[in-house]
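Heads up, the thing below is written out as structure tokens.
Predicted model, so just to flag it, every value in this text is computed and none were measured.
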Amino acid sequence: MEIRRVTRAEDVQAAGHLFDSPPLPEATARFLADDRHHLLVAYVDDAPAAMVTGVETTRPDRGTGMYLHHLGVDVRFSGRGIGPALTSALADLARDLGCYGMWVVTDADNPAARSLYRSAGGVAQAGPQEVLAWSFDGTDTLPP
């Protein structure tokens, strides 16, 4: 397995099956043009096997942190430790960039994701949380 940082639209399209839906050309260009957005892809025999996206966010009172926005693993490659490796690689990138930390939001009823993030060093935070979303395109829900 090899993990690469993706910076070209054609590489995003080649890994398109790892996203919830096919990457949109305009959104891909916007994502890649912003150096605070990060996409790491794990390749097995040069085939995209998994991906993770991270976004740097800055608060005046904390500094810059990394939000792990999305992780996708091709089912053919699940169970091989690729998800934790990608998560760790994003955490390493965040450290290299001087981020104070990294976080992810996942469903309480998703034990596989929770186990994956814990195996990569994530620590569950105490307290109930609720995710609230605003949809501007007429849909009822937003993808995580």
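Among residue pairs with one or both ends in residues 110-126, none qualify as salt bridge (charged side-chain N to carboxylate O under 4.0 Å, His left out); sequence neighbours excluded. Residue pairs meeting the side chain to side chain donor-acceptor pair (under 3.5 Å) criterion with at least one partner in residues 45-57, sequence neighbours excluded, are R4-D46, H38-E56. Residue pairs meeting the side chain to side chain donor-acceptor pair (under 3.5 Å) criterion with at least one member in residues 84-94, sequence neighbours excluded, are D92-R95. Listed by first and then second residue, the side chain to side chain donor-acceptor pair (under 3.5 Å) pairs that reach into residues 71-83 are H17-D74, D74-R76, sequence neighbours excluded. The side chain to side chain donor-acceptor pair (under 3.5 Å) pairs that include a residue from residues 6-16 are R8-E10, R8-D11, where partners are two or more places apart or lie in different chains.
Cluster partners of V123: none. The rule joins Ile, Leu, Val, Met, Phe, Trp and Tyr whenever side-chain heavy atoms lie under 4.5 Å apart, and it links nothing here. Grouped with Y43 in one hydrophobic cluster are V6, V12, L18, F19, F31, L32, L39, V41, M51, the linkage being side-chain heavy-atom contacts under 4.5 Å among Ile, Leu, Val, Met, Phe, Trp and Tyr residues.
Scored by the salt bridge (charged side-chain N to carboxylate O under 4.0 Å, His left out) test, D35 finds no partners at all (sequence neighbours excluded). Take A29 and apply the side-chain contact (heavy atoms from CB on, under 4.5 Å) test, not counting sequence neighbours, and it matches no residue. Partners of A113 by side-chain contact (heavy atoms from CB on, under 4.5 Å), not counting sequence neighbours, listed by chain and number: T106, N110, Y117. Every residue meeting the side-chain contact (heavy atoms from CB on, under 4.5 Å) condition with A50, not counting sequence neighbours, appears here in chain and number order: A42, V73, I82, L86.
Taking OG1 of T64 as the start and CZ of R36 as the end, the distance is 9.5 Å to the nearest 0.5 Å.
Across all non-hydrogen atoms, the minimal contact from A49 to V44 is CB-CG2, 3.8 Å. Residues P84 and A120 approach most closely at O-CB, 3.7 Å, considering heavy atoms.
Annotation: E2, atom CD; neighbour count of heavy atoms from other residues, nucleotides and ligands within 6.0 Å is above 12.
In terms of hydrophobic clustering, with Ile, Leu, Val, Met, Phe, Trp and Tyr side chains grouped at heavy-atom distances under 4.5 Å, F77 and L71 are assigned to a common cluster.
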All N/O donor-acceptor pairs, side-chain side in residues 96-105, below 3.5 Å, sequence neighbours left out:
none

